[in-house]
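Worksheet: the structure to be examined is printed underneath.
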Amino acid sequence: MTGRVANKVALITGGASGLGQATARRLAEEGAVVYIADVNHVLGNEVADSDASLRFVSLDVTREDQWEPAIDGIVAEHGKLDVLVNSAGIVELASIEETTEEVWRKVNAVGTDGSFFGCKHALRVMKKRGSGSIVNMCSTASIFGGPRIFAYSASKHAIRGITKSVATLSAQEGYGVRCNSVHPGNIETPMLQGVRAIADERVPGSAKAMDQVWVGEPIDVANMILFLASDESRSVNGAAMVVDNTSTLTEGVVPRLEQSE
Ligand SMILES: NC(=O)c1ccc[n+]([C@@H]2O[C@H](COP(=O)([O-])OP(=O)(O)OC[C@H]3O[C@@H](n4cnc5c(N)ncnc54)[C@H](O)[C@@H]3O)[C@@H](O)[C@H]2O)c1
């Protein structure tokens, strides 16, 4: 099937890499004009240059003053924003005992603050047209916690709450804007590669153990987001869509890593 999001205008944060990039390409393939928003200008421009339906917009999601011009610029050009995907994120492998205030604030700035600002400004423009779809990237870490991804898990739980609050407000007020979260298990991206490297450095062999749980491909998540972005999901609002091939039901989001003394 083609054209599942034909004529839609989408903004994807963290669109230069990993799941954001795969989603940008998938939405473009199905007929959307897609703005890739990222702090990585080199990669963002490279991805945008590879497809006529992709454009790059510089955006640090932690900065509310950058959100306004980014979204208003798209609306000025196209008259609307149909889809926002909040995919920008960073992870730190640290338990509560190891998490400094700096790490806590850094992870939450990108994940929690970025999703808050994105939802706030997208809702502002989407409700004027009475339609729109916001997709927030959560994780299996926001289904249950992670012993050594404390700030990340907390941020993803906050984003899950943001999602449901936006969805219920929109339904109550009749804004016509849907807001859903996606909860991937481990997916093969640069972020996971970084996690593997750090885990293995701390506990040799742990990356292999991690991969035994399940590892998906970015396209698996991109296809879920495509569905949520499209009108096919018009009755799906406030939902938490899990893409983990049962890993939350079985092994868990992270394997047990013995800390070296
Ligand atoms: N890969 C996985 O296994 C996995 C699993 C569950 C959830 N997730 C979530 O999916 C999302 C994407 O992860 P990924 O694996 O594609 O990671 P990635 O590292 O490949 O991509 C993340 C992107 O976010 C961008 N980014 C970081 N800080 C930013 C900021 N302040 N403003 C704008 N952009 C910023 C980076 O430049 C990068 O392009 C994240 O929210 C992550 O937590 C990933």
Side-chain angles (χ1 to χ4, degrees), residues 11-26 35-48 54 56-67 70-71 84-93 105-118 135-146 149 151-160 162-163 181-199 207 210-211 213-222 224-225 240-245 247-248 252-255:
L11 172 64
I12 303 184
T13 72
S17 176
L19 304 184
Q21 185 193 131
T23 304
R25 292 192 188 283
R26 191 71 188 96
Y35 285 79
I36 288 168
D38 212 290
V39 285
N40 188 335
H41 293 202
V42 174
L43 194 54
N45 276 305
E46 214 176 280
V47 175
L54 300 179
F56 177 70
V57 56
S58 172
L59 171 65
D60 179 346
V61 298
T62 68
R63 300 268 310 270
E64 186 169 17
D65 62 337
Q66 294 188 10
W67 270 101
I71 287 196
L84 168 68
V85 180
N86 284 312
S87 185
I90 54 170
V91 66
E92 286 282 338
L93 295 191
R105 295 209 184 282
K106 194 170 73 171
V107 171
N108 276 283
V110 181
T112 316
D113 298 359
S115 301
F116 158 49
F117 297 142
V135 180
N136 290 327
M137 195 69 86
C138 285
S139 168
T140 45
S142 44
I143 293 172
F144 48 51
I149 42 171
Y152 181 82
S153 173
S155 171
K156 293 301 189 190
H157 275 82
I159 300 168
R160 187 180 178 155
I162 287 170
T163 304
S181 56
V182 172
H183 301 251
N186 285 341
I187 310 285
E188 195 61 58
T189 69
M191 179 185 278
L192 183 65
Q193 284 152 18
V195 167
R196 269 198 201 102
I198 294 167
M210 204 165 83
D211 286 352
V213 176
W214 175 77
V215 182
E217 294 296 325
I219 189 70
D220 300 325
V221 177
M224 174 61 82
I225 297 175
M241 312 295 272
V242 182
V243 185
D244 77 341
N245 193 20
S247 57
T248 37
V253 67
V254 282

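Remember, it's 1-based here, ligands and their atoms both numbered in the order they're listed.
- Annotation: side chain of Asp38 is not in contact with side chain of Leu43 (no heavy-atom distance under 4.5 Å).
- Val215 has its side chain within reach of Arg196: a pair of non-hydrogen atoms, C-beta onward, lies under 4.5 Å apart.
- The 4.0 Å heavy-atom shell around ligand 1 contains residues Gly14, Ala16, Ser17, Gly18, Leu19, Asp38, Val39, Asn40, Leu59, Asp60, Val61, Thr62, Ser87, Ala88, Gly89, Val110, Met137, Cys138, Ser139, Tyr152, Lys156, Pro184, Gly185, Asn186, Ile187, Thr189, Pro190, Met191, ordered by chain and number.
- Arg160 contributes a side-chain N or O that, together with a main-chain N or O of Ser142, makes up a donor-acceptor pair within less than 3.5 Å.
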Worksheet item: Can Val195 and Val91 be said to form a side-chain contact (heavy atoms from CB on, under 4.5 Å), step by step?
Response: CA-CA 8 Å; Val195 167; Val91 66; 3.7 Å; yes
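- Listed for the Trp67 side chain is a donor-acceptor partner under 3.5 Å among the backbone atoms of Val61.
- Taking 4.5 Å as the limit, some side-chain heavy atom of Val47 sits within range of a side-chain heavy atom of Arg25.
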